[in-house]
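Here's the structure, in structure tokens; my notes come after.
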Amino acid sequence: MATSKLQALWNHPAGPKTIHFWAPTFKWGISIANIADFAKPTDKISYPQQLVVACSGVIWFRYGMVITPKNWNLSSVNLAMAGTGICQLARKIKNDFASEVEPVVVAK
């Protein structure tokens, strides 16, 4: 049973013998780096970079779902990219525009 499943994966049109497997696999590095950036302060987050990460994630997620055969590796990595990019943008927007400004106290 396991051998037939491995052989099916190996011979799949988007399997390990093709670039359609390896490109999305290495793209996980971008998503992992973006997850690691959640520890960074929001002033270090770039609007253009996160906007590109989120938009490319959404576009390529959609593409991975409409091509034949469906490329689940491509779709899942781009869903992760879109999610992390949107979360980073939300953190940045919340910090820049919705954070409470502390009143300045003047000492007399």
Side-chain angles (χ1 to χ4, degrees):
M1 174 94 169
T3 306
S4 64
K5 294 229 183 227
L6 287 174
Q7 191 168 14
L9 173 66
W10 183 255
N11 293 322
H12 191 271
K17 294 192 290 186
T18 68
I19 190 67
H20 306 295
F21 174 82
W22 292 107
T25 300
F26 284 106
K27 198 172 184 182
W28 276 105
I30 298 170
S31 294
I32 293 167
N34 217 15
I35 290 168
D37 285 349
F38 281 119
K40 284 186 177 180
T42 53
D43 61 328
K44 301 288 184 190
I45 296 173
S46 165
Y47 279 116
Q49 177 184 358
Q50 294 305 322
L51 188 61
V52 167
V53 168
C55 288
S56 69
V58 169
I59 291 166
W60 287 103
F61 169 73
R62 169 81 172 117
Y63 176 77
M65 296 306 292
V66 298
I67 60 173
T68 303
K70 288 189 181 355
N71 189 333
W72 294 103
N73 192 14
L74 179 67
S75 295
S76 62
V77 72
N78 284 297
L79 182 62
M81 282 187 64
T84 59
I86 290 168
C87 287
Q88 291 285 32
L89 284 171
R91 282 183 61 217
K92 179 77 170 165
I93 291 168
K94 182 180 175 188
N95 183 60
D96 290 352
F97 300 109
S99 61
E100 295 289 324
V101 179
E102 295 183 22
V104 176
V105 179
V106 179
K108 292 184 182 185

Where is the tightest heavy-atom contact between [X] and [Y], given as atom of each residue plus distance?
| X | Y | value |
| --- | --- | --- |
| Ile67 | Asn71 | CD1-CB, 4.0 Å |
| Val53 | Met81 | CG1-O, 3.4 Å |
| Phe61 | Ser75 | CD1-O, 3.2 Å |
| His12 | Pro69 | CE1-CG, 4.0 Å |
| Pro13 | Thr18 | O-CG2, 3.5 Å |

Lys40: partners by salt bridge (Lys or Arg N to Asp or Glu O under 4.0 Å), with sequence neighbours left out: Asp37
With sequence neighbours excluded, what pairs up with Lys92 under the salt bridge (Lys or Arg N to Asp or Glu O under 4.0 Å) test? Asp96
Quick one: does Trp72's side chain get under 4.5 Å of Met65's, heavy atoms only? yes
Just checking Trp28: does its CH2 atom have more than 12 heavy atoms from other residues, nucleotides or ligands closer to it than 6.0 angstrom? yes
For Thr84 and Gln50: C-alpha separation, side-chain torsions, deciding distance, then whether side chain to side chain contact (heavy atoms under 4.5 Å, CB included) applies. CA-CA 8 Å; Thr84 59; Gln50 294 305 322; 5.7 Å; no
Taken in chain and number order and not counting sequence neighbours, the residues that satisfy side-chain hydrogen bond (donor to acceptor under 3.5 Å, both in side chains) with Thr42 are Asn95
Point-to-point distance, once rounded to the nearest 0.5 Å, from [atom1] of [X] to [atom2] of [Y]:
| X | Y | atom1 | atom2 | answer |
| --- | --- | --- | --- | --- |
| Leu51 | Ser46 | CG | OG | 9.5 Å |
| Thr25 | Leu74 | OG1 | CG | 10.0 Å |
| Ile19 | Phe26 | CD1 | CZ | 9.0 Å |
| Asn34 | Ile86 | CG | CD1 | 11.0 Å |

Asn73 side-chain N/O to Pro24 backbone N/O, donor-acceptor pair under 3.5 Å: no
Please check if the side chain of Trp22 supplies one atom and the backbone of Pro16 the other of a donor-acceptor pair under 3.5 Å. yes
Check the hydrophobic clustering (I, L, V, M, F, W, Y; side-chain heavy atoms under 4.5 Å; chains of links allowed) and say if Ile93 and Ile45 are grouped together. no
May I ask you to decide if the ring planes of Tyr63 and Trp60 are parallel, tilted or perpendicular, using 30° and 60° as cut-offs? perpendicular
